Amino acid sequence: MGKPKKKDLPDLSHLCVPGAEIAVRATPKAARNAIAAAEGALKISVTAAPENGKANEAIRRLLAAMGTAASRLELRRGAAARDKLFVYLGPA
């Protein structure tokens with residue numbers, strides 16, 4: 001998976017607040033990577049398969065395109081579920 005282009009993603013800068021919780025509804029094995037804003041959560045589609053954490057890591061990298069390092073996003077809930085909760089830890 002290549003690095004997504006900022007022009008292809010919605011503005012997620014309001015989520016770059018330390019401690020911000022980011023609710024995600026994941027769709028693995030999609031035709032293409034995409035982020036769409038929905039009520040209460042972000043709908044994120046990734047091409048990665050949901051095995052051995054590959055889809056979770058792809059979602060983390062896609063969220064990191066909002067202008068932060070992927071290592072600053074922590075998966076708190078939903079490692080094996082479609083509904084996930086990431087927390088932005090703030091700048092390093």
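When reading the values below, keep in mind they use all heavy atoms of this one structure, side chains included, and skip hydrogens, waters and symmetry mates. For clarity, every value in this text was computed on a predicted model and none was experimentally measured. Index from 1, following the sequence.
Nearest heavy atoms, Tyr88 versus Val17: CD2-O, 3.3 Å. Here the shortest heavy-atom pairing between Leu75 and Lys84 reads CD1-CB, 3.9 Å. When every heavy atom of Ala48 is checked against every heavy atom of Ala58, the shortest pair comes out as CB-CB, 3.9 Å. The nearest pair of heavy atoms linking Pro91 to Pro18 is CD-CG, 4.2 Å. Counting all heavy atoms, side chain and backbone alike, Phe86 lies closest to Ile59 at CE1-CG2, 3.7 Å. Across Asn33 and Val46, no two heavy atoms sit closer than the pair OD1-CA, 3.0 Å.
Lys54 and Glu51 are joined by a salt bridge, as a carboxylate oxygen and a charged side-chain nitrogen come within less than 4.0 angstrom of each other.
Atom CZ of Arg60 and atom OG of Ser71 lie 9.0 Å apart (nearest 0.5 Å). Here the CD1-SG distance, from Ile22 to Cys16, works out to 7.5 Å after rounding to the nearest 0.5 Å. Atoms CG and CD, on Leu89 and Glu74 in that order, are 5.0 Å from each other to the nearest 0.5 Å. If you take CG on Leu62 and OG1 on Thr47, they are separated by 9.5 Å, rounding to the nearest 0.5 Å.
Remark: the backbone N or O of Ala70 is not paired with any side-chain donor or acceptor of Arg61 at under 3.5 angstrom. The backbone N or O of Arg25 lies less than 3.5 Å from no partner atom in the side chain of Asp83, so there is not a single donor-acceptor pair. Distance alone, capped at 3.5 Å, is enough to place a donor-acceptor pair between the Arg82 side chain and the Ala26 backbone.
With sequence neighbours excluded, no residue forms a side-chain hydrogen bond (donor to acceptor under 3.5 Å, both in side chains) with Arg77.
Residues Val24 and Leu63 are in side-chain contact: their nearest non-hydrogen atoms beyond the backbone lie under 4.5 Å apart.
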